[in-house]
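Structure record follows, encoded as structure tokens.
Proteins get letters first, then strands, A, B, ... in listed order; numbering begins at 1 in each.
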Protein chains: 2
Amino acid sequence: MGRPTIADIAQRVGVSKGAVSFALNGRPGVSEATRARILEVAREMNWRPHSAARALGGARAEAVGLVIARPASTLGVEPFFAQLLSGLQARLSRQQVAMHLLVVEDSEAEIEVYREWTSAHRVDGFILVDPKVRDPRFAALEELGVPAVVLGGPGRHGALASVWADDREAMLSVVDYLAALGHRRVAHVAGLPGLRHTQRRMRALRDSVKRLGLVDAVSLPTDFSDAEGAAATRTLLSRGSRPTAIVYDSDVMALAGLGVAGEMGVTVPAELSIVAFDDSVLTRVTHPSITSLSRDTFALGGQVADVLLEVIADPGARRDLKTGTPRLVVRQSTAPPALGRRTKAV
Amino acid sequence: MGRPTIADIAQRVGVSKGAVSFALNGRPGVSEATRARILEVAREMNWRPHSAARALGGARAEAVGLVIARPASTLGVEPFFAQLLSGLQARLSRQQVAMHLLVVEDSEAEIEVYREWTSAHRVDGFILVDPKVRDPRFAALEELGVPAVVLGGPGRHGALASVWADDREAMLSVVDYLAALGHRRVAHVAGLPGLRHTQRRMRALRDSVKRLGLVDAVSLPTDFSDAEGAAATRTLLSRGSRPTAIVYDSDVMALAGLGVAGEMGVTVPAELSIVAFDDSVLTRVTHPSITSLSRDTFALGGQVADVLLEVIADPGARRDLKTGTPRLVVRQSTAPPALGRRTKAV
DNA sequence: TCCCGCAACTAGAGCGGTTTAGTACCGCGC
DNA sequence: GCGCGGTACTAAACCGCTCTAGTTGCGGGA
């Protein structure tokens with residue numbers, strides 16, 4: 001015999017399938033004595049529910065979906081994703097909710113997966129990451145009527161729940177600090193230009209120019225890879241009017257930038273201050289250690305999971321959770337600019 | 001109306017459910033004309049298969065399971081896992097196979113999840129990671145008769161397929177190199193002592209003592225965290241007879257170790273050589289960059305996925321794929337030991 | 001004593017597919 | 001004209017579970 005079904009149990013105990021179902025799901029309709037016998041036999045026969053059969057009846061899938069439209073090869077590089085995943089798992093696994101993970105080519109494929117998984121009752125809800133500037137995914141998810149939470153900035157995601165940090169405020173706090181140190185030439189090695197938070201950070205920097213009397217404030221977009229981070233840094237440091245401080249949109253790029261500075265003979269922090277927009281083990285263990293905007297990505301994952309579970313439990317609820325703005329953790333890579341040495345010195 | 005079912009399509013086209021099923025699955029039993037009409041209507045109605053219903057009938061789940069018994073908080077720290085996951089995804093998503101991911105407390109819980117997902121037809125197979133010294137999971141998976149692939153060392157996993165690298169050989173190549181440079185006191189900051197590959201590496205080091213005439217060759221087990229890696233390094237560098245070279249079982253720990261060396265005034269590589277047993281962006285961007293055993297973890301993930309898909313397609317097949325032994329990539333963190341400065345100098 | 005109400009259970013429909021057994025029809029050879 | 005074989009289809013069983021609408025039996029109130 002293959003795996004036992006409730007019919008097998010029913011036969012063995014001498015009751016109907018219905019009674020077994022009631023007993024196993026802890027609902028009224030059977031006497032305590034019968035329930036005990038049924039549970040006993042179920043244990044004995046090593047019975048386990050068949051979630052597909054349950055799902056057919058419209059029950060929860062006890063799983064959430066995370067579809068990522070990025071080249072799979074970049075996932076491993078960014079500590080952010082791994083941390084987020086960890087945080088999500090920590091929270092979800094407490095409720096025995098699994099995660100369905102898939103990496104796809106682009107947003108279009110992503111939407112198709114949303115469709116498929118939704119109509120197949122494969123998951124109870126989705127986590128949407130990397131919100132873009134004009135993002136077709138919001139409308140698609142809303143149309144499907146499936147619970148979902150957007151990880152990203154405020155507003156503009158229709159009726160979907162969201163968890164977000166204030167990127168603008170965070171960027172402003174960095175620039176304020178650098179300006180207070182005396183920096184007037186601040187550069188920004190940004191992430192993918194299509195992402196909303198990239199745009200928001202770039203705008204925040206631009207908006208600071210007048211307010212803080214900056215001389216220069218350029219943002220160079222990249223693809224988040226260490227290679228492009230290094231290349232952007234080389235570009236910036238090769239200019240006639242070299243920036244005295246560079247803000248990186250990720251820790252990996254900041255690290256790469258630090259490497260380039262070393263290779264070009266630019267000392268950090270004396271000649272160049274470096275700030276990373278994400279914190280992880282990386283920024284702590286380098287020499288000099290890197291000043292960064294620290295947010296607890298692991299905790300963030302937990303919050304995202306929380307909101308999603310909430311929305312799944314009560315689809316009417318609309319939550320917008322603003323997480324704490326990343327705090328600036330000052331380490332050894334930032335200092336006042338060396339006066340008079342602002343020009344090319346390669 | 002909710003999502004359309006094949007019954008809806010059948011009604012609209014004016015045929016039976018069976019005919020629709022045949023048409024949609026490309027099997028004989030309907031004329032080309034009818035098939036075309038059915039496909040047309042299905043497209044029009046935006047129909048999508050309900051995988052739960054299919055699963056009930058015994059079809060593939062088009063998903064594989066990865067259950068990890070580690071504290072979720074450590075997942076984000078290790079680039080290895082993220083890389084592996086990326087590689088797996090890259091391969092799986094090409095076949096539209098998703099991954100079911102869950103983090104659990106211990107092996108026992110892990111086995112229970114294997115049971116549940118198997119009997120629920122939730123996945124078609126499993127990837128088993130972190131094989132342990134006496135591992136109850138092998139027997140459990142074999143008993144369930146579900147396809148699975150073990151990521152780890154050779155042999156000892158019963159009839160399960162496996163993908164493995166030769167840890168022993170890798171460790172020997174490192175120690176040989178260090179000995180050739182002149183090192184006689186080599187220490188090893190190992191990973192979790194319960195893991196097979198940890199044991200294998202420790203044994204390889206021990207076995208080298210006589211062969212290479214080493215004076216000292218101690219292995220300190222850790223939990224893979226940067227904290228314990230740092231602590232172990234402190235312990236080693238505080239000894240009267242300090243090692244001149246340390247091999248770390250992960251890149252994160254090597255990085256932490258490099259930090260500790262800096263903090264204790266021990267220069268790398270002049271006074272201490274450092275080798276990491278895993279390569280990633282981390283080892284490349286530090287100063288000095290870290291000599292490491294490089295293996296393409298992303299590719300490894302792909303290979304694991306390949307073998308699993310193969311075993312799923314043909315459950316009779318038994319594959320044991322030995323991947324290339326990690327190559328030693330020499331960078332700036334290794335050098336001959338400074339003569340006469342082998343003793344305490346803090 | 002009779003009937004009501006409730007607890008404890010059963011029977012069976014339904015979820016959305018797949019698959020098998022069966023049927024209607026057609027052209028063909030003899 | 002009849003049987004034969006093949007094609008195109010239909011009807012319904014089936015997968016494992018849930019859940020609703022009954023059915024039975026029993027105790028208690030009037």
What's the separation between atom CG in A/Leu102 and atom CE in B/Met99, rounded to the nearest 0.5 Å? 10.0 Å
How long is the straight-line distance from CZ of B/Arg115 back to CD of B/Glu110, given to the nearest 0.5 Å? 12.0 Å
In whole angstroms, how far is the C1' atom of D/dC15 from the CG atom of A/Asp8? 13 Å
To the nearest angstrom, the CZ-P distance between A/Arg37 and C/dA8 comes to 16 Å
Under 3.5 Å, N/O pairs linking protein and nucleotides 6-8 of chain D:
none

Can you name the one residue among B/Arg137, B/Arg70, B/Arg196, B/His197 that meets side-chain hydrogen bond (donor to acceptor under 3.5 Å, both in side chains) with B/Asp130? B/Arg70
Donor-acceptor pair, distance only, cut-off 3.5 Å: does the side chain of [X] make one with the backbone of [Y]?
X	Y	result
B/Thr34	B/Val30	no
B/Asp135	B/Pro131	no
A/Asp8	A/Thr5	yes
B/Arg3	B/Arg48	yes

Which label fits A/His100 and B/His100: parallel for a plane angle under 30°, tilted from 30 to 60°, or perpendicular past 60°? perpendicular
Under a 4.0 Å heavy-atom criterion, the protein footprint on nucleotides 11-27 of chain C, written with B, S and -, is --B-BBBBBB-------
